[in-house]
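Right, one structure below, let's go through it.
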Amino acid sequence: MTDRSGVRPSRGIWHPFTQHAIMPEMVKIARGEGAYLETPEGRRIFDGVASWWVVTHGHRHPRIIRAIQDQANALDQVIFAGFTHEPAERLAQALLRLAPASLDYVFYSDSGSTAVEVALKMALGFWKLNGARREKILVLENGYHGDTIGTMSVGERGVFNQAYEPLLFDVGTIPFPSAGAEARTLEALEAACAARGGGEKPAAFIVEPLALGAGGMLFYGAQTLAEMRRICAAHEVLFIADEVMTGWGRTGRMFACEHAGVEPDLLCTSKGLTGGSMPLAATLCRADIFDAHYSEDRSRTFYHSSSYTANPIACAAAAANAEIWAEEPVLERVAALAAMQAERLATLESDPRFENVRRCGTIAAFDYRTENAGYLATLGPRLYAFFQSRDLLLRPLGNTVYVMPPYCATAADLDKVYDTVREAAAIGLEDL
Ligand code: PMP
């Protein structure tokens, strides 16, 4: 038994990614507005993580809220097998207009993890139905794709999933393309795609384009992404772009793949799909992946569904979001936020208390420089608590802090974030 300092209630809610023994109380939120969350007492907290990377324009964008209200008055839910509805159709057309041109079909689900599971199943199904024995999935080191059994299998292994290891399937891991070591990544991918070590050729390669999120906010260049795509195409290995975090403007473009002119075979999107208002996800795929399943033989059906597939209210929210993208200057707001982040990061670059100062579009990240691995283990939670005490929601990953706010964040909001970041360093990491 480990020591527990929290007061354990005998019944109640079990929160995600939360160690209740050291975080006995949750902050109750009653309202959200723009870049802020508000407690019932009126305390306003800056949402520096866009509520787990989902909120793009800001909380409660009026157009999205209106669409949700209108749709709730018309149709709340309908089975999506054998039935369809206008918001799902309107959204699919919008997605196919916005996504890379290689993609022709939209399959709905309800979270980033399920979008990835669907992509993996489509990839395996494609090869099986084409009579090829290609079952292996290639992944990028430090990747994160979700917390279901399949998505954990294609993600980095570690403390987060070691208890479930017996259930995880084997994958081929390609080293992360750190700056200066890109050639090693590309060579490893080339060798794995060609199955140079013998055995079957892989079925697919799944990758977070340009920015690895939960793996530590690690960024790599568009040229490497383009090269990885080229290698997969040359060996007919399906290229799955997991744009769950990077989509909807986060990296400065609608989808991160655009920076590299990459047209994936499958693309997963969720989070910002509804502007961060409702749970919804989509897996987009190339026509030949659909075609492999298209048959009068029912055994070739794509056997995947969940009860709330294409929930009409969520689809209406996402369709309104797509209209916002089409009609409002969202990319200009994204560029303005990226520039504001860049200015403030520049001040950290010359400050010896920080290192690995980096940015990918609107996402800023840096590490507190520290030699003391002893307190590193508890640094994340202590920094988290310190930022909370200053009314900032930031969730450090160890000594890495990232700032990923909604696009309506102002210069004053960011000044407060970076002043507080420096204040923590001034107090001293040991004394937080
Ligand atoms: N893929 C990526 C790249 C992600 O960042 C996440 C979530 N952080 C997921 C998949 C899983 O999404 P969800 O939490 O909605 O299941």
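Because the structure is a prediction, the values reported are computed rather than measured. Note that the numbering runs from 1 along the sequence shown for the chain. Computed from heavy atoms alone, side chains included, the values below leave out hydrogens, waters and symmetry copies. Both ligands and their constituent atoms are indexed starting at 1 by order of listing.
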If you have a sec, work out which protein heavy atom is nearest [atom] and how many Å separate them, to one decimal?
{"atom": "atom 10 (C) of ligand 1", "value": "His145 O, 3.1 Å"}
{"atom": "atom 5 (O) of ligand 1", "value": "Trp53 CZ3, 3.3 Å"}
{"atom": "atom 16 (O) of ligand 1", "value": "Ser113 OG, 2.6 Å"}

What residues form a ring-ring contact (aromatic ring centres under 6.0 Å, His included) with Tyr407, not counting sequence neighbours?
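Tyr407: no ring-ring contact (aromatic ring centres under 6.0 Å, His included) contacts found.
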
State, yes or no, whether a side-chain contact exists between Phe302 and Phe107 at a heavy-atom distance under 4.5 Å.
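Counting from C-beta outward, Phe302 and Phe107 do come under 4.5 Å.
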
At a 4.0 Å threshold, what atoms of ligand 1 neighbour a non-hydrogen atom of [X]?
{"X": "Lys271", "value": "5 (O), 6 (C), 7 (C), 8 (N)"}
{"X": "Val244", "value": "1 (N), 2 (C), 4 (C), 6 (C), 9 (C), 10 (C), 12 (O)"}
{"X": "Gly112", "value": "11 (C), 12 (O), 13 (P), 15 (O), 16 (O)"}
{"X": "Asp242", "value": "1 (N), 2 (C), 3 (C), 10 (C)"}
{"X": "Glu208", "value": "3 (C)"}

Short question: side chain of Arg358, backbone of Asn356 - any donor-acceptor pair under 3.5 Å?
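Indeed, once roles are kept as given, a pair shorter than 3.5 Å links the two residues.
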
Compare every heavy atom of Ile64 with every heavy atom of Thr274, then report the nearest pair and how far apart it is.
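Taking every non-hydrogen atom into account, O-CD1, 3.7 Å.
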
When you compare ligand 1 with Met245, is there at least one nitrogen or oxygen pair between them that comes in under 3.5 angstrom?
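For ligand 1, there is no N or O atom that lies under 3.5 Å from one belonging to Met245.
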
Any Lys/Arg nitrogen of Arg333 or Glu328 sitting under 4.0 Å from an Asp/Glu carboxylate oxygen of the other?
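A salt bridge is present here (some side-chain N lies under 4.0 Å from a carboxylate O).
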
Any salt bridge linking Lys136 with Glu200? Criterion: basic side-chain nitrogen under 4.0 Å from a carboxylate oxygen.
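Not counted as a salt bridge, because no side-chain N and carboxylate O are separated by less than 4.0 Å.
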
Pair Phe17 + Phe160: ring centers closer than 6.0 Å:
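Distance test on ring centres: under 6.0 Å, yes.
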
